[in-house]
Amino acid sequence: MTAQAMPSVPAEQSQQLRFQLIDKSLKKFQYQQDALIEVLHAAQETFGHLDEEILDYVSRQLKLPPSWVYGVATFYNFFTLDPQGEHICVVCMGTACYVKGAGEIVTKLEREFSVKDGDTTEDGQLTLMTARCLGNCSLAPMLTLDGEVLGKESAESTIAAIHTKATLTAAAKEKNA
Amino acid sequence: MSQNSKKVRLATAWLGGCSGCHMSFLDLDELLIELIEKVDIVYGPLVDHKEFPEDVDICLVEGAVTNVENLELARQIRTNSKIVISFGDCAVTGNVTSMRNRIPIKDLLTAVYHEAQAPIGAESLKVLPALLKKALPLHQAIKVDLYLPGCPPDPERIATAVTALLEGREVELAPQMRTFG
Amino acid sequence: MPVITLTIDDELVSARAGQSILEACREHGIKIPTLCNLDGLSARGGCRLCLVEVAGNPRLLPACTTEALENMVVTTHNEKIDRYRRMILELTFAERNHTCAVCVSNQHCELQTLAAELGMDHVRYDYLNPELGLDTSHARYGVDHNRCVLCLRCVRVCDEVEGAHTWDVKGRGIESRVITDLNRPWGDSESCTECGKCVEVCPTGALFDKGSAVAEMKKEASFLRRILDGREKNEWRR
Amino acid sequence: MNPTSLLKQAEEEQQRQQQLNLRVFLCYSTPCIAAGAEQVKTALESLIKEKQLNTELEIVATGCMGPCSRGPLLRIKPAEGEEQTYEKVTPEQAREILLHSIEQRPVETEALPADLPFFARQTRIVLSNNGEIDPEKIEHCIARGAYSALAHVLHEMSPEEVCNEIKNSGLRGRGGGGYPAGVKWNLVRKSPADRKYVVANGDEGDPGAYMDRTIMESDPHRVLEGMAIAGYAVGAEQGYIYVRGEYPLAAARLVKAIKAAERRGLLGSRVLGSNFNFRIDLRVGAGAFVCGEETALMTSIMGRRGQPVPRPPYPAQSGLWGYPTLINNVESFANVAPIMEKGADWFASFGTDKSKGTKVFALCGEVVNSGLIEVPMGISLRDIVFEIGGGLPDGGKFKAAQTGGPSGGCIPAEFLDTPVDYESLKELGSIMGSGGLIVMNETSCMPDVAKFFMEFCLDESCGKCVSCRVGTVEMYELLKRITDGSAMLTDLEILEELCELVQETSLCGLGMTAPNPVLNTLKYYRDEYLAHIENKSCPAGVCQLDQIPLMKLPEHAAERAVFKEER
């Protein structure tokens with residue numbers, strides 16, 4: 001997302017800028033090894049995912065064994081090692097949402113967009129995820145689409161919302177081109 | 001069948017396995033002669049009987065339950081036998097036979113019958129008994145009374161177990177006699 | 001070091017303060033089954049085989065991580081504990097593809113021996129049959145995840161004794177796997193010193209010397225005690 | 001700041017508020033925002049600009065007011081006269097309400113009745129500031145007494161007295177375990193060490209529970225103050241608050257709150273002019289339910305894989321970096337300041353003999369009024385579901401109340417009159433848990449619910465111990481078979497025995513309690529399990545049951561040849 005925000009900066013330079021953002025976080029925590037999770041949070045926020053280069057960088061900067069860093073990065077659900085789609089849909093699978101039909105929403109989304117829970121569509125448009133309760137049970141079944149909370153959803157309304165998002169992005173891209 | 005009604009009726013059966021357990025049974029050597037005085041072997045690959053008989057005292061079952069035919073036979077065995085012994089690792093754990101469990105049946109059959117070096121062709125598939133979704137250890141298909149692990153169980157284990165049973169004792173295998181593999 | 005007295009299986013035994021129940025038992029020849037524990041490595045409490053009853057505590061406690069205390073009353077074997085241990089072994093066997101018959105460590109495997117000793121003669125749970133790989137990229141050793149029981153002896157020996165921390169674990173729960181470096185092939189590892197300690201301490205056929213055929217992989221973990229005594233008790237002079 | 005200036009600021013702010021003609025409280029919590037609170041706020045702000053009303057009134061964007069299913073919620077509090085609350089407010093209605101209120105004309109939009117049981121039946125201690133303050137404005141909090149308890153404690157009480165006050169109040173851990181807080185505090189206080197820590201557990205992970213999120217979002221200073229008091233009482237100078245990664249708003253508000261408090265000398269060095277120093281740092285979780293377990297949470301604070309470690313030693317003896325650590329739930333800390341302010345006896349006057357005070361619940365599922373409630377311990381489930389919750393919608397029939405999330409169980413209708421306290425719920429095979437309460441009607445299938453929770457547990461198992469790592473998967477496989485028709489009666493026996501094993505041999509609370517939903521539903525709804533297995537029918541109509549047991553022969557001979565499989 002940061003890359004899109006800075007379209008004029010050459011790729012290499014933008015990459016450098018992003019590593020500087022990790023450095024900022026490292027400095028904030030004074031390169032303490034205990035701050036590994038915080039630094040990974042910062043890296044994931046900046047890059048959208050944690051690839052080998054990033055993990056290697058973090059492990060060198062914090063002077064931690066690479067396997068240690070990899071172990072932590074894969075223990076927590078928040079960190080993802082693969083690039084995410086342009087749009088991210090997180091369906092809440094908490095109890096309240098589940099009893100109100102969240103499972104069906106996921107099944108129908110998987111079918112509509114030919115994507116499995118946890119994966120990204122081939123065109124890189126959509127990442128579908130499920131969450132263990134987002135704590136908005138009164139809105140059940142609820143989900144977030146690019147961070148925006150959508151409550152009392154149905155499979156149909158969600159599919160429509162995703163299509164709207166995708167169309168908007170496509171239109172914006174066309175305009176820029 | 002048997003003229004001597006005192007003889008114990010022993011059966012052996014060969015489900016999804018390599019017959020190695022039966023080979024090991026034959027390795028009982030001179031014990032076989034002693035054995036044959038006490039038992040009638042009423043069914044199994046070692047004798048010529050088509051149907052699983054009634055009133056079997058002990059049945060040694062080799063192999064995992066891997067297709068419909070195995071399953072049918074396993075049930076007949078259970079219905080008609082007093083003591084069913086899971087004979088060897090395939091029957092006890094699924095062992096090598098169950099290594100196919102990860103592979104979808106369709107892919108498995110394609111690999112074996114269509115892509116293998118000597119293609120047999122689709123026609124012959126119609127006579128093969130249907131595979132179960134997974135190759136199961138015997139006790140997951142029928143109730144089993146005794147487990148005799150090993151690949152194959154060595155003759156010593158077989159002798160210990162069978163002798164005890166024939167003498168009416170409880171079978172107690174020493175730890176080194178009950179290892180898998 | 002102060003000495004304490006406690007009761008283990010109805011017998012009064014002495015132990016040094018700070019020792020674990022397991023250590024106290026071992027010194028008195030009382031056998032408790034263990035899988036993740038290895039003398040010389042930090043205790044972990046993961047395999048749950050060394051669970052014992054401690055009077056006054058409603059829960060079973062792992063003997064390896066629980067400190068032996070003055071006047072403690074410990075039971076290491078009874079019908080319930082033995083049954084639980086067998087069930088835990090059932091789960092361990094069901095988790096991955098331990099096909100003993102075709103394993104490099106057949107007849108030299110701690111898991112196999114435990115099953116025989118504890119009388120775990122069949123598994124009632126569904127074998128999970130996971131799809132797991134084999135990494136033979138290393139020049140001398142290989143790792144077969146089908147046999148791994150996640151005891152993490154390799155991780156601990158590499159970190160605590162060799163000091164390389166090449167090994168760690170990725171993922172969590174049933175998806176946990178041991179990894180080297182950034183989950184790269186072992187052969188590409190920059191941190192691995194090729195010392196082979198991990199292979200020797202591995203209780204099953206998960207880590208092996210390349211070229212071993214079925215039943216050929218024998219392991220010897222006693223080097224660990226010698227190294228550690230040499231270091232810690234300054235037995236080895238420079 | 002010192003106690004005097006704190007008091008002065010509180011009075012100044014109170015005066016400022018009293019001079020206004022009208023105060024407009026708009027619930028600005030996530031559910032209300034999702035329901036349109038943002039648009040309502042914009043409409044109100046433009047109206048104020050249009051009519052130049054900014055000197056007469058203010059809009060307060062508050063934390064959660066409670067009845068989330070009725071959002072957006074708007075409350076009008078005139079300088080004189082009755083305050084009124086409006087539900088499901090549209091921007092147009094909001095304009096109308098504000099205009100008419102300010103011009104003292106009758107409001108056309110219908111207000112909620114003042115005696116609505118949803119509000120009337122609650123007792124608010126922890127949530128007393130919710131809906132009254134803008135959580136991002138520390139002045140609002142100070143005006144309502146924030147940090148006055150801390151000032152009192154620091155200048156008038158010894159650490160021992162503080163611990164004893166907590167002990168006498170009977171406060172028990174609100175994270176689910178119900179361990180007496182005072183005992184824990186005293187243990188840490190007495191542990192000899194040159195460094196100690198205080199940790200607030202805000203890693204609320206039970207699906208269907210959002211009490212802690214709401215507390216942190218709606219009144220962050222309440223939690224910080226409780227932690228500081230605890231720090232003084234046990235002798236710690238450093239606190240950590242661990243917030244679940246799924247709660248970015250709570251984290252942001254806490255960061256702001258910590259900064260605001262530090263700037264005023266309410267946290268940091270020489271707190272409120274005393275010799276006590278206390279820093280609080282925020283740690284944000286990264287998505288692992290097991291980190292709600294205290295030892296796992298501490299390994300996570302230290303930046304590692306969030307795996308639990310066997311207890312003993314307990315955190316009170318050896319916690320963060322091996323130092324004695326006091327770890328309590330966010331809601332427990334939120335109870336501290338009121339106890340210090342009003343006394344242990346006052347607190348102990350609420351609740352039952354063994355369970356004192358109140359409990360916050362997230363009431364949701366098949367219930368008319370879903371939302372966040374705070375009730376005295378000992379209230380009956382019936383009162384919660386049918387009085388406060390308004391019963392089930394669409395004429396639904398009550399089947400079960402699920403408490404305790406994946407560690408709890410389902411309580412059937414025959415126990416609706418059970419008082420809600422730690423012991424009674426435990427007796428029913430459930431637990432109080434952190435406070436999620438989900439109402440289910442006849443369309444919920446109990447084996448399916450058990451399977452849902454087991455899938456949760458296997459996904460969240462850290463993998464350290466065999467019992468939980470493999471046991472949860474095997475229990476799930478068995479439940480999957482029960483709900484897809486491929487189970488046999490023997491599977492039920494194997495399942496029950498396995499539940500017992502996992503309960504008794506798992507390393508941490510996650511595994512120990514993972515079988516609870518199965519055992520509890522087997523206890524009360526065994527016939528449903530049997531219907532699935534023996535009759536291949538799902539009474540609730542949820543499960544498909546289209547599979548046959550693996551070891552069962554296909555019924556038709558035609559299905560027995562391979563080519564059928566190939567189709």
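Atom set for the values below is all heavy atoms of this structure, side chains included, hydrogens, waters and symmetry mates excluded. The chains referred to below are lettered A, B, ... by the order of the sequence lines, with proteins before strands, and numbering in each begins at 1.
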List the steps and the verdict of side chain to side chain contact (heavy atoms under 4.5 Å, CB included) for D:Gln307 and A:Phe75. CA-CA 9 Å; D:Gln307 291 191 320; A:Phe75 185 85; 3.8 Å; yes
dist A:Cys133:SG -> D:Glu246:CD (nearest 0.5 Å) comes out at 9.0 Å
Greatest number of non-hydrogen atom pairs under 4.5 angstrom with chain A, of D:Ala288, D:Gly365, D:Pro31, falls to D:Pro31
If one checks every heavy atom of D:Val290 against chain A at 4.5 Å, the contacting part turns out to be side chain
- Evaluate whether atom CD of A:Gln32 has more than 12 neighbouring non-hydrogen atoms of other residues, nucleotides or ligands under 6.0 angstrom away. yes
On a heavy-atom basis, the closest approach of D:Ser370 and A:Ser138 is OG-CB, 3.3 Å
CG (A:Asp34) and CZ (D:Arg283) are apart, to the nearest 0.5 Å, by 7.5 Å
Residue from A:Leu40, A:Asn77, A:Thr95, A:Ile37 scoring the most non-hydrogen pairs under 4.5 Å with chain D is A:Thr95
To the nearest 0.5 Å, atom CG of D:Leu372 lies from atom SG of A:Cys137 at 10.0 Å
Honestly, the part of D:Ser444 sitting under 4.5 Å from a heavy atom of chain A is side chain
With side chain to side chain contact (heavy atoms under 4.5 Å, CB included) as the criterion, how do D:Ile438 and A:Tyr98 come out once you've worked through the C-alpha distance, each side chain's angles and the decisive distance to 0.1 Å? CA-CA 11 Å; D:Ile438 295 141; A:Tyr98 183 77; over 6 Å; no
Per-residue tally against chain A (heavy atom, under 4.5 Å) across D:Phe289, D:Trp321, D:Tyr210 peaks at D:Tyr210
Closest non-hydrogen contact found for A:His41 with D:Ala286 is NE2-CB, 3.8 Å
Applying a strict 4.5 Å limit to non-hydrogen atoms, the region of A:Leu139 in contact with chain D is side chain
Practice item. With the side chain counted from C-beta on, respond yes when A:Arg132 and D:Asp459 share a heavy-atom pair under 4.5 Å apart, and no when they do not. Key: yes
When rounded to the nearest 0.5 Å, the distance separating CZ of D:Phe456 from CE of A:Met93 is 11.5 Å
Are there more than 12 heavy atoms of other residues, nucleotides or ligands under 6.0 Å from atom CD of D:Glu38? no
Taken to the nearest 0.5 Å, the spacing of A:Phe78 CZ from D:Arg244 CZ works out to 8.0 Å
When the 4.5 angstrom heavy-atom criterion is applied to D:Ala209 and chain A, the contacting part is backbone
*asked:* For A:Asp123, is the CG atom crowded, meaning more than 12 foreign heavy atoms sit under 6.0 Å from it?
replied: yes
Would you say that D:Ile33 contacts A:Val149 through its side chain, given a criterion of any heavy-atom pair below 4.5 Å between the two side chains?
no
When the 4.5 angstrom heavy-atom criterion is applied to D:Ser300 and chain A, the contacting part is both
message = I'd like to know whether D:Glu366 forms a side chain to side chain contact (heavy atoms under 4.5 Å, CB included) with A:Lys100, so could you lay out the CA-CA distance, the side-chain angles of the two residues, the decisive distance to 0.1 Å, and finally the verdict.
response = CA-CA 8 Å; D:Glu366 294 295 333; A:Lys100 290 202 169 186; 3.6 Å; yes
When the 4.5 angstrom heavy-atom criterion is applied to D:Asp206 and chain A, the contacting part is backbone
- [ ] With side chain to side chain contact (heavy atoms under 4.5 Å, CB included) as the test, would you mind laying out the steps for A:Phe29 and D:Asp281 before giving the verdict?
- [x] CA-CA 11 Å; A:Phe29 291 100; D:Asp281 280 318; over 6 Å; no
Among D:Cys462, D:Gly306, D:Gly285, the residue with the most heavy-atom pairs under 4.5 Å to chain A is D:Gly306
Nearest heavy-atom contact between D:Arg304 and A:Tyr76 is O-OH, 2.7 Å
Per-residue tally against chain A (heavy atom, under 4.5 Å) across D:Met302, D:Met211, D:Glu460 peaks at D:Met302
